[in-house]
Amino acid sequence: MNDMTEQLKQAQKQIKKELDKSRYQHTIGVMYTAAGLAMRYGQDIQQAMLAGLLHDCAKCIPAEKQIHLCKKNHLEVREAERANPSLLHSKLGAYLAETEYGVKDAGILHAIEVHTTGAPGMNLLDKILFVADYIEPGRDKAPDLKEIRMLAFSELDRAVLRILHDTIHYLNQKKGAVDLKTHDTYQYYIEMLK
């Protein structure tokens, strides 16, 4: 058994204690969806699985405590994150993946950090986690999910663009704040796919 396999086993035991039941189910769905996308696009499978397993490791921490932990550990809290603290779980999650789960792989940490808002110029692992989080089998609320799931396995960049478009549209309809990083990422993928 290699080091990554052992790390995955240990992290899965630990994360199960940290998350509520529905969040844990989602996490397992993301882990296996990321593995499937990694197989399709030639990404390291175990790296994708570990990113999927830990992507929401900070999600069940109450908002005030997330803000406190970010400040305590010198993680910047942007205005959009202060207005919508649920955005902090990705940044805090990357920090906790490193400090609490022992992840040293910068690629995994970066994918966790950008899995909510996306980022211009995402690498393959970033895109795999971003998409897997949106399309995992337990998700059923987003419009056009069936189409986006098929797109994810044929044109990953187009799937990223569709998810960004739908996310921005959804947030605008419910008058939610759209993080500037999400807008920047959306513009980047519109330009890239012209």
Side-chain angles (χ1 to χ4, degrees), residues 1-60 89-140 142 145-164 166-167 185 188-189 192-193:
M1 192 180 314
N2 69 29
D3 287 347
M4 186 75 86
T5 305
E6 187 56 40
Q7 190 173 20
L8 257 170
K9 268 178 55 177
Q10 291 306 315
Q12 192 166 347
K13 267 190 220 167
Q14 192 175 340
I15 198 93
K16 192 170 187 177
K17 296 174 192 162
E18 300 297 325
L19 302 178
D20 61 40
K21 190 177 178 185
S22 67
R23 183 60 47 185
Y24 180 72
Q25 286 305 114
H26 163 71
T27 292
I28 297 303
V30 173
M31 179 178 77
Y32 285 117
T33 303
L37 288 167
M39 286 181 225
R40 164 62 181 89
Y41 291 105
Q43 175 67 42
D44 181 282
I45 296 165
Q46 290 187 313
Q47 193 184 31
M49 288 179 75
L50 192 55
L53 181 65
L54 295 178
H55 82 286
D56 273 354
C57 66
K59 187 78 174 187
C60 290
H89 81 275
S90 51
K91 179 184 295 179
L92 183 58
Y95 175 80
L96 294 177
E98 183 175 14
T99 59
E100 302 292 318
Y101 293 85
V103 175
K104 300 296 176 224
D105 184 318
I108 292 172
L109 299 174
H110 188 262
I112 293 169
E113 186 177 333
V114 301
H115 86 267
T116 305
T117 59
M122 289 189 285
N123 65 37
L124 181 58
L125 182 59
D126 295 341
K127 290 185 279 193
I128 284 172
L129 184 57
F130 181 80
V131 171
D133 187 31
Y134 195 85
I135 69 165
E136 65 93 358
R139 295 281 202 199
D140 61 2
L145 203 47
K146 185 177 180 183
E147 184 186 327
I148 294 170
R149 284 179 171 137
M150 291 192 312
L151 199 56
F153 285 90
S154 61
E155 295 183 74
L156 191 61
D157 287 332
R158 290 212 178 279
V160 167
L161 181 61
R162 278 296 300 278
I163 291 166
L164 288 161
D166 289 0
T167 299
T185 306
Y188 174 90
Y189 281 93
M192 192 191 98
L193 292 167

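Side chains included, hydrogens not; waters and symmetry mates left out as well; all remaining heavy atoms used.
- Counting all heavy atoms, side chain and backbone alike, L109 lies closest to A97 at CD2-CB, 3.8 Å.
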Practice prompt. Using the side chain to side chain contact (heavy atoms under 4.5 Å, CB included) rule, take I15 and Y101 through it: C-alpha gap first, then chi angles, then the decisive distance, then the call.
Written response: CA-CA 9 Å; I15 198 93; Y101 293 85; 3.4 Å; yes
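- Closest heavy-atom contact between L193 and R158: O-NH2, 3.5 Å.
- Counting only heavy atoms from C-beta outward, the side chains of M122 and T185 approach each other to under 4.5 Å.
- Closest approach of R162 and E147 over heavy atoms only: NH1-OE2, 2.5 Å.
- To the nearest 0.5 angstrom, Q7 atom CD is 12.5 Å from M49 atom CE.
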Item to complete: Could you walk me through whether T27 and Q12 pass the side chain to side chain contact (heavy atoms under 4.5 Å, CB included) test, one step at a time?
Response: CA-CA 10 Å; T27 292; Q12 192 166 347; over 6 Å; no
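- With contacts defined as side-chain heavy-atom distances shorter than 4.5 Å, the pair Y134/R149 does not qualify.
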Item to complete: For side chain to side chain contact (heavy atoms under 4.5 Å, CB included), just list the numbers for I148 and I163, CA-CA rounded to whole Å, side-chain angles, deciding distance to a tenth of an Å, and then say yes or no.
Response: CA-CA 8 Å; I148 294 170; I163 291 166; 3.9 Å; yes
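- Looking only at side-chain heavy atoms (C-beta outward), R40 and I128 stay at 4.5 Å or farther from each other.
- If you take NZ on K9 and CD on Q14, they are separated by 14.5 Å, rounding to the nearest 0.5 Å.
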Item to complete: Report the C-alpha distance between I112 and L96 in whole Å, list the side-chain angles of each, state the deciding distance to 0.1 Å, and finish with yes or no for side chain to side chain contact (heavy atoms under 4.5 Å, CB included).
Response: CA-CA 10 Å; I112 293 169; L96 294 177; over 6 Å; no
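- Within the 4.5 Å cutoff, side-chain heavy atoms of I28 are placed close to those of L53.
- Interatomic distance, L145 CG to R139 CZ, rounded to the nearest 0.5 Å: 9.0 Å.
- Side-chain contact between H26 and K59 is absent, with no heavy atoms from C-beta onward closer than 4.5 Å.
- Without hydrogens or angle criteria, D133 side chain to F130 main chain gives no donor-acceptor distance under 3.5 Å.
- Between A38 and I45, the shortest heavy-atom distance links the atoms CB-CA, 4.0 Å.
- L37 places none of its side-chain heavy atoms less than 4.5 Å from the side chain of Q43.
- Summarising the geometry of A119 relative to Y189, their closest heavy-atom pair is O-CE1, 4.0 Å, with the distance given to 0.1 Å.
- No side-chain donor-acceptor contact under 3.5 Å links H110 to the backbone of G107.
- Taking the side chain as every heavy atom from C-beta outward, L129 and V114 never approach each other to under 4.5 Å.
- For the pair E100 (side chain) and C57 (backbone), a donor-acceptor distance under 3.5 Å is absent.
- Remark: side-chain polar atoms of D105 are paired, donor with acceptor, to backbone N or O of I108 under 3.5 angstrom.
- A heavy-atom distance below 4.5 Å is found between the side chains of I135 and F153.
- The local environment of NZ in K104 is crowded, with over 12 non-hydrogen atoms from other residues, nucleotides or ligands closer than 6.0 Å.
- Across A58 and G93, no two heavy atoms sit closer than the pair CB-N, 3.7 Å.
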